[in-house]
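Below is one structure, written out as structure tokens; comments come after it.
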Amino acid sequence: MGEGSEGERRGSEGEVAGSPTAFADPETDRRCRRASAQHGHTLYIPSGALWGASDIQKMADRGTLKGLKVTMTKAPRCFRLEGGLAELNETVTERRTVLYEGSVRSLCPLAPNNVNTMAAAAMAAHSLGFDQVQGCLVSDPHHSPLPWLWGESGGSGVDQGYGERAGGV
């Protein structure tokens, strides 16, 4: 982002950032935080699929957070990756494969469309940050992103379910 960028304008107006992954770039992070502070606004980062973001932030605020690792598993076709990760993912056909394990900062540019949850975790864990929060990206050809739901049918005596194991789509 150059000077006067969209992120800085948004920071000056107190708007919500759209992609926490962008903050893995230290210069973007610095500029947006500076613009927000200069104008007396708060920079809001969406937590997306990250459950417990407020708890992570509370631990960071209190100084009790010592480490954080976020593991994300997806079917190979669900990833939009860059460089060597894309090439490695193309080889995943039968077995669950760890594509990446390391700092979230290094992962963000390689999987900018897939790791917003990890980036949000790194921001919530501000005492650790992007360099110390660890990310693990796993490609699993047998992974089902569908929730598994089940319950009673309401009197017919037949249980109903939804998901791949229950015969759903």
Side-chain angles (χ1 to χ4, degrees), residues 1 7 10-11 16-33 36 42-150 161-166 168-169:
M1 278 198 218
R10 288 178 178 266
V16 175
S19 174
T21 303
F23 291 89
D25 174 55
E27 187 63 18
T28 299
D29 184 61
R30 186 187 62 74
R31 286 182 180 169
C32 290
R33 288 178 190 269
S36 181
T42 300
L43 190 58
Y44 292 98
I45 308 300
S47 61
L50 178 63
W51 293 19
S54 61
D55 295 321
I56 293 169
Q57 186 172 8
K58 285 176 191 173
M59 289 180 72
D61 290 345
R62 292 180 182 139
T64 59
L65 184 62
K66 302 303 179 198
L68 176 61
K69 180 177 180 179
V70 180
T71 300
M72 184 176 295
T73 302
K74 294 185 178 201
R77 69 186 178 283
C78 295
F79 284 116
R80 290 175 42 199
L81 305 169
E82 303 291 330
L85 284 187
E87 294 170 13
L88 179 58
N89 189 51
E90 289 174 10
T91 68
V92 178
T93 58
E94 297 295 323
R95 292 187 353 205
R96 174 182 172 96
T97 303
V98 175
L99 300 177
Y100 177 90
E101 194 162 15
S103 79
V104 171
R105 184 179 310 280
S106 297
L107 177 57
C108 285
L110 301 173
N113 297 297
N114 296 114
V115 295
N116 280 319
T117 300
M118 291 182 189
M123 294 189 79
H126 58 83
S127 60
L128 300 174
F130 280 90
D131 291 314
Q132 292 182 54
V133 172
Q134 299 295 294
C136 182
L137 208 56
V138 179
S139 184
D140 184 350
H142 307 291
H143 179 69
S144 170
L146 296 173
W148 294 0
L149 307 171
W150 59 92
Y162 178 79
E164 287 186 3
R165 295 215 175 164
V169 177

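Computed from heavy atoms alone, side chains included, the values below leave out hydrogens, waters and symmetry copies.
The shortest distance between side-chain heavy atoms of Leu137 and Thr71 does not fall below 4.5 Å. Taking 4.5 Å as the limit, some side-chain heavy atom of Leu85 sits within range of a side-chain heavy atom of Leu107. Proximity of Met59 to Asp55: side-chain heavy atoms (C-beta onward) are nowhere separated by under 4.5 Å. Two residues are said to be in side-chain contact when any heavy atoms from C-beta on lie closer than 4.5 Å; Thr97 and Val138 fail this criterion. Residues Pro141 and Val92 have side chains in contact (heavy-atom distance under 4.5 Å, counting atoms from C-beta outward).
Nearest heavy atoms, Ala122 versus Val133: CA-CG2, 3.8 Å.
For the atom pair CG (Leu128) and NE2 (His126), the distance works out to 9.0 Å, reported to the nearest 0.5 Å. To the nearest 0.5 Å, atoms CE (Met72) and CG (Leu99) are separated by 12.0 Å. In this structure, Tyr100 OH and Gln134 CD are separated by 7.0 Å, a value rounded to the nearest 0.5 Å. Taking NZ of Lys66 as the start and OG1 of Thr64 as the end, the distance is 7.0 Å to the nearest 0.5 Å. Put simply, CD1 on Ile56 and CH2 on Trp51 are 13.5 Å apart, with the number rounded to the nearest 0.5 Å.
Side-chain atoms of Asn116 come within 3.5 Å of backbone N or O of Thr21 as a donor-acceptor pair. Judged purely by atom type and a 3.5 angstrom limit, His143 has no side-chain atom pairing as donor or acceptor with the backbone of Lys74. No donor-acceptor pair under 3.5 Å is formed between the side chain of Ser106 and the backbone N or O of Ser103.
Among residues at least two apart or in separate chains, salt bridge (Lys or Arg N to Asp or Glu O under 4.0 Å) pairs with a member in residues 121-142 are Arg96-Asp140, Arg105-Asp131.
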task = Output, in order, the C-alpha distance, side-chain angles, deciding distance and verdict of side chain to side chain contact (heavy atoms under 4.5 Å, CB included) for Cys136 and Val98.
result = CA-CA 7 Å; Cys136 182; Val98 175; 4.0 Å; yes
request  = Please step through side chain to side chain contact (heavy atoms under 4.5 Å, CB included) for the pair Leu68 and Val104, ending with a clear verdict.
outcome  = CA-CA 10 Å; Leu68 176 61; Val104 171; over 6 Å; no
